[in-house]
Amino acid sequence: MSTLVLMESMGQLVRSKSKQALLLWLDGVREACCLHRVIIYSLRSKQLAIRTGQCFLLNGFIFLGSVFVLKSVIIPALEWILPGHCPQINLQESCSFSNILEFYRFLHAGLVQLFYVFWFYPLYIFSLILSNIWYNDIAKHGFFALENYGAHDKKLSDQKEFQTSQNTVHREKSTDLEGVMISIAEQLYSVLLLTFFFVEVYVTGFIPYIGKALNFMLLSWLYAYYCFEYKWNLSGLSLDKRLDFFESNWAFFAGFGNPCVLAIFLFSPLVSCGVMAILFPLFVLTATGSEADKIVGLPRRKWKGAGLGRVPIFFIADYMSMRVLKLFSLKSRQQMKENKAL
């Protein structure tokens with residue numbers, strides 16, 4: 001009898017947690033799809049509108065336009081100029097131009113590869129570097145536009161944005177040496193953490209049967225963290241609080257990251273890079289305007305404070321990052337001892 005009661009209570013607990021996770025996941029998806037914030041913030045900040053337009057121009061018009069030209073114009077033209085198959089009228093007769101056709105196929109493949117090497121790969125690297133710089137500007141201007149929500153005219157909004165940026169610079173200059181060192185250490189740890197997590201995401205894609213599902217879920221968390229990291233940096237939230245909040249509300253961030261990752265699974269790798277480069281700044285702005293702490297707090301009040309529990313999403317990446325940092329610290333100590341001995 002006690003076993004039956006225990007099983008019933010466990011079933012009720014699982015259903016309750018599943019319902020709460022589903023609601024938080026839906027809240028995350030809804031927050032990611034609030035793309036109207038992009039228009040609102042762009043109307044408040046001219047710099048934001050310029051940067052967003054530049055991302056669309058570079059990644060949408062130039063990069064994806066180049067992909068379209070390659071697939072729709074260049075490759076069909078090369079196939080017409082350098083045919084790789086013999087148009088046989090009588091199937092019983094062998095093709096008398098097999099050697100020439102083999103050379104045509106080799107030349108066709110070589111020209112396409114040259115197009116990739118001298119145009120696509122340099123354009124991709126240039127787009128990646130420039131877009132990452134612009135993403136930071138987009139998040140900053142979006143954050144300032146959110147701060148200046150109460151401004152009624154454009155001049156006042158621009159003045160407040162300028163004052164806010166000046167105050168930020170002043171606070172950065174007045175920071176003591178210890179604070180600077182802590183900030184540098186946090187940035188280094190964050191880079192290592194996300195790098196190892198990205199490797200973990202890549203490796204899970206090769207696991208049979210469940211690899212694609214795990215890859216999709218981990219990528220969703222990765223892109224959700226990327227989107228919110230800009231806001232957390234600007235608001236001054238410490239790294240340990242970010243990770244605790246993220247892992248404690250894993251269902252919400254999984255829902256937020258799912259729309260971000262769909263482009264990678266719906267298109268070819270080359271096209272998905274361009275589509276993701278266009279969509280990512282939009283999701284950064286939706287994350288900037290999201291009040292995630294209030295959203296995830298509503299179900300907890302409804303369920304009398306009961307949470308889903310913390311999921312150690314970054315456990316492996318954290319372990320590897322700490323190992324690397326300890327290795328570097330040991331090497332630096334040994335080098336200091338050797339210098340003192342000399």
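- At a threshold of 4.5 Å between non-hydrogen side-chain atoms, the residues Thr288 and Tyr230 do not count as touching.
- In this structure the side chain of Phe56 reaches within 4.5 angstrom of the side chain of Leu282, judged on heavy atoms.
- Here the straight-line distance linking atom CZ of Phe115 with atom CG of Leu78 works out to 10.0 Å at 0.5 Å rounding.
- Atom CD of Glu247 sits about 12.5 Å away from atom CH2 of Trp250, to the nearest 0.5 Å.
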Side chain to side chain contact (heavy atoms under 4.5 Å, CB included) assessment of Gln54 paired with Leu130: CA-CA 10 Å; Gln54 287 173 333; Leu130 199 57; over 6 Å; no
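- Of all non-hydrogen atoms in Glu200 and Ala317, the two that sit nearest each other are OE1-N, 4.1 Å.
- Looking at Asp293 and Asn249, their side chains never come closer than 4.5 Å, going by heavy atoms from C-beta outward.
- Between Phe246 and Trp221 there is a side-chain heavy-atom pair separated by less than 4.5 Å.
- Within a 6.0 Å radius of CZ in Arg323, no more than 12 heavy atoms belonging to other residues, nucleotides or ligands are found.
- Scanning both residues, Arg242 and Tyr225, for their nearest heavy atoms gives CD-OH, 4.1 Å.
- The hydrophobic cluster around Val203 extends to Val199, counting ILVMFWY residues whose side-chain heavy atoms fall within less than 4.5 Å of a member.
- In this structure a side-chain-to-backbone donor-acceptor pair under 3.5 Å is missing from Asp27 to Phe252.
- Contact of the Phe144 side chain with the Leu48 side chain is not registered, since no non-hydrogen atoms from C-beta on lie closer than 4.5 Å.
- Counting only distance, with no hydrogens or angles, the side chain of Lys231 and the backbone of Ser290 share a donor-acceptor pair below 3.5 Å.
- Pairing each heavy atom of Leu146 with each of Gly289, the nearest pair is CD2-CA, 4.1 Å.
- Checking side-chain atoms of Ser72 against main-chain N and O of Val69 turns up no donor-acceptor pair under 3.5 Å.
- With rounding to the nearest 0.5 Å, the separation of CZ in Phe63 from CG in Leu57 is 14.0 Å.
- Annotation: Phe280 is in aromatic contact with Tyr135 [ring centroid separation under 6.0 Å].
- Within the 4.5 Å cutoff, no side-chain heavy atoms of Trp232 are placed close to those of Leu239.
- The number of heavy atoms from other shown groups lying within 6.0 Å of CD1 (Ile74) is above 12.
- Ala277 and Pro281 get closest at one heavy-atom pair: O-CD, 3.2 Å.
- If you chain together hydrophobic residues whose side chains sit under 4.5 Å apart, Tyr223 and Trp25 never meet in one group.
- The shortest distance between side-chain heavy atoms of Met217 and Thr204 does not fall below 4.5 Å.
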From CA spacing to verdict: ring pair (Phe, Tyr, Trp, His ring centres under 6.0 Å), Phe228, Phe256: CA-CA 10 Å; Phe228 278 89; Phe256 188 94; 4.9 Å; yes
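- The main-chain N or O of Ala49 is never found under 3.5 Å from a side-chain atom of Ser42 such that the two would form a donor-acceptor pair.
- Here Phe245 and Phe253 bring their ring centres to under 6.0 angstrom of each other.
- The hydrophobic cluster containing Phe61 also contains Trp134, counting ILVMFWY residues as joined when their side-chain heavy atoms lie under 4.5 angstrom apart, directly or transitively.
- Inter-residue side-chain proximity for Leu193 and Ser190 is flagged as unmet; no heavy-atom pair is nearer than 4.5 Å.
- The distance from the CD1 atom of Ile62 to the CG atom of Leu123 is 7.0 Å, given to the nearest 0.5 Å.
- Shown here for Leu24 and Ala251, the closest heavy-atom pair between the two residues is CB-CB, 4.0 Å.
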Pair Leu26-Arg30, side chain to side chain contact (heavy atoms under 4.5 Å, CB included): steps then yes or no: CA-CA 6 Å; Leu26 289 173; Arg30 188 182 69 249; 5.7 Å; no
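- With hydrogens and angles ignored, the 3.5 Å screen pairs no side-chain donor or acceptor of Asn136 with any backbone N or O of Asn132.
- Note that OH of Tyr209 and CD1 of Ile207 are 13.0 Å apart. Values are rounded to the nearest 0.5 Å.
- Every residue meeting the side-chain hydrogen bond (donor to acceptor under 3.5 Å, both in side chains) condition with Ser66, not counting sequence neighbours, appears here in chain and number order: Trp119.
- For Asn59 (side chain) and Cys55 (main-chain N/O), a donor-acceptor pair under 3.5 Å exists by modelled atom type.
- In this structure, Phe314 has its ring center closer than 6.0 angstrom to the ring center of Phe197.
- Here the CG-CD1 distance, from Leu128 to Ile133, works out to 10.0 Å after rounding to the nearest 0.5 Å.
- Here Tyr226 and Phe283 keep their ring centres 6.0 angstrom or further from each other.
- Around the OH atom of Tyr189, the shell of radius 6.0 Å holds more than 12 heavy atoms that belong to other residues, nucleotides or ligands.
- Across all non-hydrogen atoms, the minimal contact from Arg51 to Asp137 is NE-OD2, 3.0 Å.
- Residues Phe68 and Phe120 fall into different hydrophobic clusters, defined by Ile, Leu, Val, Met, Phe, Trp and Tyr side chains chained together at heavy-atom separations under 4.5 Å.
- No continuous path of hydrophobic side-chain contacts links Ile316 to Phe206 [ILVMFWY only; heavy atoms under 4.5 Å].
- When the side chains of ILVMFWY residues are joined at heavy-atom separations under 4.5 Å, either directly or via intervening members, Val191 and Leu325 end up in two distinct hydrophobic clusters.
- The pair Asp244-Lys241 does not count as a salt bridge, with every side-chain nitrogen at least 4.0 angstrom from each carboxylate oxygen.
- Sorted by first and then second residue, the salt bridge (Lys or Arg N to Asp or Glu O under 4.0 Å) pairs with a member in residues 276-292 read Glu291-Lys294; sequence neighbours excluded.
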